[in-house]
Number of protein chains: 4
Amino acid sequence: MSNETVAADPPAPSTGRARNPRTHQAILDATVQLLGEVGYQDLSIERVASRAGVGKATIYRWWNSKSALVIEAMERGLPVELPEHTGDPRTDLRAAIQSAVQTYAVGQVGSTVPALAAEVSRDATGAEQLRQFLRPRRDAAREVLHQAAAVGTLPPDVDIETVIDLFIGAIFYRSLVRKLPVDAVMVEQLVELILDGRLPRTIP
Amino acid sequence: MSNETVAADPPAPSTGRARNPRTHQAILDATVQLLGEVGYQDLSIERVASRAGVGKATIYRWWNSKSALVIEAMERGLPVELPEHTGDPRTDLRAAIQSAVQTYAVGQVGSTVPALAAEVSRDATGAEQLRQFLRPRRDAAREVLHQAAAVGTLPPDVDIETVIDLFIGAIFYRSLVRKLPVDAVMVEQLVELILDGRLPRTIP
Amino acid sequence: MSNETVAADPPAPSTGRARNPRTHQAILDATVQLLGEVGYQDLSIERVASRAGVGKATIYRWWNSKSALVIEAMERGLPVELPEHTGDPRTDLRAAIQSAVQTYAVGQVGSTVPALAAEVSRDATGAEQLRQFLRPRRDAAREVLHQAAAVGTLPPDVDIETVIDLFIGAIFYRSLVRKLPVDAVMVEQLVELILDGRLPRTIP
Amino acid sequence: MSNETVAADPPAPSTGRARNPRTHQAILDATVQLLGEVGYQDLSIERVASRAGVGKATIYRWWNSKSALVIEAMERGLPVELPEHTGDPRTDLRAAIQSAVQTYAVGQVGSTVPALAAEVSRDATGAEQLRQFLRPRRDAAREVLHQAAAVGTLPPDVDIETVIDLFIGAIFYRSLVRKLPVDAVMVEQLVELILDGRLPRTIP
DNA sequence: GGTTAAGCGAGACGGTACGTCCGGTCTTATT
DNA sequence: AATAAGACCGGACGTACCGTCTCGCTTAACC
């Protein structure tokens, strides 16, 4: 269901020296480190190579762009944390939404996504890689909503993908575009919107 | 209501020659042109200067970054289109949402916003500029929702800003991050969610 | 009289598989081809290997430098053409000088020699290889001059090596350094200088 | 009579900031230094830039190849030493030949010339630059031989250019191609050849 | 209305990074 | 054991821009 790798590995070579796994891990590690230290914009292939003790050409051999490298590095180095499943729709949905807040409004991943989105805007392959990267982040939420629909907490024909876009989009947009904090109140507003159809209210 | 200029004008010159308006317009025009031709990523100050027939230093004198230049150019060159006000909440909200779709999912502006969001993530001044740029885009929606709350279509204590984040976020995220189209169905889903508390449903 | 091979053969293999003659010929052939197509400067080991269908390491195993490879390739692939011996000193000397013109001012070999000379300037082994490569080219001239001294056309104590340096040097320098053509007039001037002690004259 | 500059300066810019002479001197100085330290082959534009404290692009702006840079650096940094003129043909010719020995068989210039000759072999512009670089080195010799022809020591119709090629070629070829030393004996052999028509003899 | 400071074009400049090529060395599997 | 294939580190290539800095010219603003 999830992709194995995001990188566009060149056609499997039938002969020749095998790919050195240590080298590749070093590159991915260096990428994650630099992402945390200087951010996506100031991360250069040259610095990754130097940090990893690797030739630039080795990086270009296996990844054809900075975005492809960063996506794979984040996949392996910053895995999605899956909250436990209780079975109670409200509890589980709240956990899923809080997980999205963690991802987009707190962690390293979120602040990198706008740059990736911008970078792949003229690159169909990159766009697909980005989609595949985001997919597992949505899986937990999807499962929770499926469960809720199954037990009747949500209507059976609810459009789950759009519901997910609703709360991830709100968190993403408020945090990364408008640069405003996303607090517990907003999480609760989103939970109530989805489970109760109650629009967000201001606190009196 | 909106800011006059986004640029950080240098210290007021007590004497000497004044800023040449023709030069500035040429720079902004060239920026809008290049934004359409090559996109934000490949737009360089050097190309803008060359296209505008202007020295690079003149650009740096009046704008301290590419993002500041682009924001001002978009403000002046790609003004927000304001749909007319009918007084019917459903009609007006639908128009406001469609306007957001136009902005983020169709036009030149939307595809630039992720890049701006990424660029200003480490720059408080830039973040404020971006917020001010986005403000007028929200104003129409805010007014519609105020009106709806006034006539009782929405609860009086509805959190209008969060409602706006909800539908702009969903459109923005689906279109620009997930690179999926935003169609009329989704617009209707958003209208019904806000006015009827009805979660999005799949089409049977 | 001439060396058998210029290459620094690795330590004599006491056991194991022997050097593959087909492979070696393919390498030398590819080298001669590329020398003609792109010249010495742009000839790379990588291209030779690819053209010959051979691994780079195989080349490095048998030749320790590009110059060694090229020298051996030219020895085998572009052999010196020896003019027939008539016994008449003037005819034979003229033929020897014309042969030098062919070598240095017309063929593939000459234009490679400056590059080799430059390359081996800090490499004693390479210098010796270059000397050995050039030796057979001098042999014909030496024999002609010996014969002339024997029959009294030249003084018995003539310094034959220096005489050879004189005419080869003049041809080499004018053609390859000054990039000027070497014509029949100059050949005759050299013949008369050596046999008659007549300095070169301008044509009236 | 001599060229003013070898570099292919871009068309004189009528406007804009003036070329910084200190920067250019620093580049030429660094080139001469590195030429002495590592030789032409291992001299890279990158090292010159780093040594001179200069951006690579600045070098490429004014010189379009390594050879053009090196030629101009040698012209300015390793000027030809002119022996004094006595009026006696034999003395002056000996001095001119010894000067050629200094240049080609001892100094930094000579060992660089084969590399230059090789590099410009497919480049007409470079070939012309090399010719112009060599010209002043020949001027002293030319004047001496003109003088000798004027006073009757040489035939009036002597082909002076070819005579110069003869002795420079012999020195150049023996020293740089055959890697043999050029001693006082050879100088005397060349003087006697030219002034007396006496072929070189071996020392008994 | 003459003086003068600033605006301005052009572009030089030191840097950083780009993406590519090649040099030499080293595995790996094949022959 | 020699080889074809090719991964790998490192160094250099020539180019594009960055943001800053002169130049010399032009022109508006103040005396």
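Throughout, a chain's letter reflects where its sequence line sits, starting with A, and its residues are numbered from 1.
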>> Please evaluate residues B:V70 and B:F133 with respect to the criterion side-chain contact (heavy atoms from CB on, under 4.5 Å), reporting the C-alpha separation (whole Å), side-chain torsions for both, the decisive distance (0.1 Å), and the verdict.
In response: CA-CA 11 Å; B:V70 166; B:F133 168 70; over 6 Å; no
Please report the distance, rounded to the nearest Å, between [atom1] in [X] and [atom2] in [N].
{"X": "D:R17", "N": "E:dA12", "atom1": "CZ", "atom2": "P", "result": "10 Å"}
{"X": "C:I59", "N": "F:dT3", "atom1": "CD1", "atom2": "C1'", "result": "12 Å"}
{"X": "C:N64", "N": "E:dG24", "atom1": "CG", "atom2": "P", "result": "10 Å"}
{"X": "A:L69", "N": "E:dG19", "atom1": "CG", "atom2": "P", "result": "12 Å"}

> So which pairs with a foot in residues 25-52 of chain A pass ring pair (Phe, Tyr, Trp, His ring centres under 6.0 Å), sequence neighbours left out?
Replying inline: none
>> Given E:dA12, F:dA5, E:dG23, identify the nucleotide with an atom nearest to the side chain of A:T15.
In response: F:dA5
> Of the nucleotides E:dC8, F:dT3, F:dC13, which has the atom closest to the D:I45 side chain?
Replying inline: F:dC13
>> Any salt bridge linking B:R51 with B:E46? Criterion: basic side-chain nitrogen under 4.0 Å from a carboxylate oxygen.
In response: no
> Stepwise, does the side-chain contact (heavy atoms from CB on, under 4.5 Å) test hold for C:L69 with C:I45?
Replying inline: CA-CA 9 Å; C:L69 170 62; C:I45 299 288; 4.2 Å; yes
>> Can you tell me if C:R61 touches the phosphate of F:dA2, counting only side-chain N or O atoms and a distance under 4.0 Å to OP1 or OP2?
In response: no
> Quick one: is B:W62 getting a side-chain N or O under 4.0 Å of the E:dC8 phosphate, OP1 or OP2?
Replying inline: yes
>> Does D:K179 form a side-chain contact (heavy atoms from CB on, under 4.5 Å) with C:S121? I'd like the steps, not just the answer.
In response: CA-CA 8 Å; D:K179 308 288 171 192; C:S121 69; 3.8 Å; yes
>> Can you classify the ring geometry of B:W63 versus B:H24 as parallel (below 30°), tilted (30 to 60°) or perpendicular (above 60°)?
In response: tilted
> Starting at the 5' end of DNA chain E, which residue's closest nucleotide do you reach first, C:Y60 or B:A18?
Replying inline: B:A18
> Heavy-atom contacts under 4.0 Å between residues 46-58 of chain C and DNA chain F, which residues?
Replying inline: C:G53, C:V54, C:G55, C:T58
>> Quick check on contacts: within residues 21-44 of chain A, what sits under 4.0 Å from DNA chain F by heavy-atom distance?
In response: A:T23, A:H24
> Does some side-chain heavy atom of D:V38 sit less than 4.5 Å from a side-chain heavy atom of D:R47?
Replying inline: yes
> Any side-chain heavy-atom pair from D:M74 and D:V32 closer than 4.5 angstrom?
Replying inline: no
>> Run A:E72 and A:L28 through side-chain contact (heavy atoms from CB on, under 4.5 Å) and show every step you take.
In response: CA-CA 8 Å; A:E72 185 169 341; A:L28 296 173; 4.1 Å; yes
